[in-house]
There are 4 protein chains.
Amino acid sequence: MLIRIDLQSDVPLYLQLRNELVLAIAAGQLLPGQKLPSVRQLAGQLGVNAMTVQKSYNLLKAQGFVVTDRKRGTVVSSTPPSGQACCAQLQDDLALLAAQAGIGGLSQREFLQLCAQCYRSITQKPAGEGGDTPCSS
Amino acid sequence: MLIRIDLQSDVPLYLQLRNELVLAIAAGQLLPGQKLPSVRQLAGQLGVNAMTVQKSYNLLKAQGFVVTDRKRGTVVSSTPPSGQACCAQLQDDLALLAAQAGIGGLSQREFLQLCAQCYRSITQKPAGEGGDTPCSS
Amino acid sequence: MLIRIDLQSDVPLYLQLRNELVLAIAAGQLLPGQKLPSVRQLAGQLGVNAMTVQKSYNLLKAQGFVVTDRKRGTVVSSTPPSGQACCAQLQDDLALLAAQAGIGGLSQREFLQLCAQCYRSITQKPAGEGGDTPCSS
Amino acid sequence: MLIRIDLQSDVPLYLQLRNELVLAIAAGQLLPGQKLPSVRQLAGQLGVNAMTVQKSYNLLKAQGFVVTDRKRGTVVSSTPPSGQACCAQLQDDLALLAAQAGIGGLSQREFLQLCAQCYRSITQKPAGEGGDTPCSS
DNA sequence: GTGGTCTAGACCACG
DNA sequence: GTGGTCTAGACCACA
């Protein structure tokens with residue numbers, strides 16, 4: 001599992017890490033029930049502080065993406081947060097992106113193509129990067 | 001123009017304001033060339049610090065949504081940032097949302113329905129809220 | 001005797017086990033003088049480490065709920081810790097729960113109903129779960 | 001507002017602090033909408049690390065007892081977590097206490113007296129400690 | 001001045 | 001070896 005974080009980004013490290021892990025779960029690189037790397041292990045691998053990684057794990061736990069099993073450590077939840085439940089939040093975020101796309105001149109059709117492409121690229125990315133040519137509208 | 005900010009949100013006020021303004025522009029409530037309220041006026045109306053509003057305006061300017069006209073103050077840009085240009089950022093954000101939707105059990109079809117709904121609700125929201133029943137998959 | 005532990009709880013396993021055993025004693029499922037299962041047996045049955053069970057037994061012994069009999073192993077104490085003695089601790093714990101109930105809008109009457117219900121459900125639970133409808137205030 | 005923490009206790013500092021604050025809210029020493037001391041201020045006053053205090057605040061926030069207002073800092077929530085909602089958890093905790101009381105020889109009547117006393121002492125403690133003689137059954 | 005983030009290192013509880 | 005707790009001190013974002 002390859003995780004990249006950008007020390008220069010204005011997005012907090014723990015959030016970057018959280019996002020990367022969400023992507024990994026969605027991509028099937030981390031299957032339900034599968035164990036995540038230990039806090040220390042991942043911290044060492046990424047060169048960040050253990051507490052930063054722990055904060056990411058805590059956030060993922062609070063959001064229902066992972067659970068901490070007392071015997072096995074942190075594992076991917078088998079009962080992920082329902083998309084229906086998060087719908088309101090999802091909609092607000094999507095609305096903002098749609099607005100920016102609309103201002104940028106993207107028609108609804110183009111925007112939906114982009115959305116479809118993103119959905120596909122997420123759920124079907126086993127490992128390798130690249131391949132698709134985004135924004136080839 | 002109705003702008004709502006939530007003092008208890010985890011999103012910074014200046015970002016909330018920036019987002020609301022982007023939505024207003026996309027909705028056509030603020031047309032290209034149209035003048036935004038003055039910093040002080042908006043600050044007073046919203047009950048926030050003028051520096052906060054200023055920061056939002058600066059961000060919008062840096063992102064190309066508005067321009068500063070010597071005579072008229074801050075006006076909506078007539079040459080908005082191209083959706084193509086922002087594509088990379090847009091894609092990353094969309095990917096994360098798509099991932100969460102996927103984990104939440106939403107199929108691509110359901111996700112796209114949600115996206116379409118958001119796009120429509122943005123560009124066709126002149127004023128009134130409500131009407132649609134989101135997440136009625 | 002049915003003991004359930006939750007590997008995903010934030011309560012340590014040994015404490016969960018201790019609590020379950022206390023409940024079993026209160027319910028009369030384990031009578032004074034009666035022998036508890038051996039550490040290894042219970043560990044095997046629950047699928048936890050023997051040291052974890054041992055820790056629970058040690059805790060129960062330290063708290064006076066059980067005693068170690070040279071011949072028979074661990075047995076339920078015939079001289080249980082007096083409610084009077086534990087009163088201070090009991091009160092502190094109750095106070096915290098009462099506080100949360102009060103903040104949550106429960107009147108004293110409702111809170112006492114809940115307490116009564118809990119007391120009854122404990123001492124009268126021979127085996128089967130369910131039946132009562134809690135919080136039907 | 002007087003807050004005492006015990007460095008020798010096996011209860012984590014952040015939890016002790018959280019509990020003390022819950023008691024203070026229930027006692028009306030902290031009214032809805034009222035501002036809590038700043039993280040640094042309280043940390044300095046208690047002689048603990050700021051992150052420890054912050055952890056308490058975050059926990060209280062996650063549990064709905066307080067909210068962080070972007071203009072005013074951390075304030076007591078005006079929409080506290082419903083006692084009904086937390087009922088299941090409350091019941092489990094109460095059941096364990098009831099069990100210990102039962103084992104200790106307290107009758108239901110005595111237990112309820114204790115509960116009533118705790119409820120009263122919480123909601124009616126303006127400042128001074130002492131006065132009641134607990135366990136005077 | 002507020003809370004939020006991050007670090008480096010330590011100790012402990014748990015299993 | 002795991003996650004959880006705590007510290008002392010630093011820097012930044014926010015208002």
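Residue numbers start from 1 in every chain, and the chains themselves are labelled A, B, ... in the order their sequence lines are given, proteins ahead of strands. Excluded from the calculations below are hydrogen atoms, water molecules and symmetry mates; all remaining heavy atoms, backbone and side chain alike, are included.
Here Thr74(A) does not reach the OP1 or OP2 of dT2(F): none of its side-chain N or O atoms lies under 4.0 Å away. Look at Thr52(A) and you'll find a side-chain N or O under 4.0 angstrom from OP1 or OP2 of dT7(E). Under 4.0 angstrom from either OP1 or OP2 of dG3(E) there lies no side-chain N or O belonging to Lys71(D). Within the structure, a side-chain polar atom (N or O) of Ser38(D) is placed less than 4.0 Å from OP1 or OP2 of dT2(E). The side chain of Lys55(B) places no N or O atom within less than 4.0 Å of a non-bridging phosphate oxygen (OP1 or OP2) of dA15(F). OP1 or OP2 of dA15(F) lies within a sub-4.0 Å distance of a side-chain N or O belonging to Arg70(D).
The CG-P distance, from Leu60(D) to dG3(E), rounds to 13 Å in whole Å. One can place CG of Leu59(D) at 13 Å from P of dG4(F), the figure rounded to the nearest angstrom. Rounded to whole Å, atom P of dA15(F) lies 10 Å from atom CG of Leu17(B). Rounded to whole Å, the distance from CG on Leu46(D) to C1' on dT7(F) is 15 Å. One atom, CD of Gln8(B), and another, C1' of dC14(F), lie 16 Å apart when rounded to the nearest Å. Nucleotide dC6(F) holds its P atom 12 Å from the CD atom of Gln54(A), rounded to whole Å. Atom CG of Leu13(B) is separated from atom P of dT2(E) by 17 Å (rounded to the nearest Å). In this structure, CG of Asn58(D) is placed 14 Å from C1' of dT2(E), rounded to the nearest angstrom.
The nearest pair of heavy atoms linking Pro32(A) to Ser78(A) is CB-CA, 4.0 Å.
Partner of Ile3(C) under the side-chain contact (heavy atoms from CB on, under 4.5 Å) criterion, chosen from Leu23(C), Leu46(C), Asn19(C): Leu46(C).
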As a quick check of understanding, evaluate side chain to side chain contact (heavy atoms under 4.5 Å, CB included) for Phe65(D) and Gln100(C), giving each step before the final call. CA-CA 9 Å; Phe65(D) 291 106; Gln100(C) 294 179 196; 4.2 Å; yes

May I have the step-by-step check of side chain to side chain contact (heavy atoms under 4.5 Å, CB included) for Leu13(D) and Leu7(D), ending in yes or no? CA-CA 7 Å; Leu13(D) 293 180; Leu7(D) 294 178; 3.7 Å; yes

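Side-chain contact of Thr68(B) with Lys61(B): a donor-acceptor pair under 3.5 Å is present, judged by distance alone. Gln54(B) and Asn58(B) are linked by a side-chain donor-acceptor pair at a separation below 3.5 angstrom, with hydrogens and angles left out of the test.
Across the interface with DNA chain E, nearest-nucleotide mapping of Tyr14(C) and Val48(A) shows Val48(A) to be the residue nearer the 5′ end. Place Leu15(B) and Pro12(D) on DNA chain F by their nearest nucleotides, and Pro12(D) ends up nearer the 5' end. Looking at which nucleotide of DNA chain E each of Met51(A) and Met51(C) is closest to, the 5′-most match is held by Met51(A).
Across all strands, Lys35(A) comes closer than 4.0 Å to no nucleic acid atom at all (heavy-atom distances).
When both distances must be under 3.5 Å, the Watson-Crick or G-U wobble mate of dC14(F) is dG1(E). Pair assignment for dA8(F): dT7(E), on the basis of Watson-Crick or G-U wobble contacts that are both within less than 3.5 Å.
Applying the 3.5 Å distance criterion, the base of dG4(F) shares a donor-acceptor pair with the side chain of Arg40(A).
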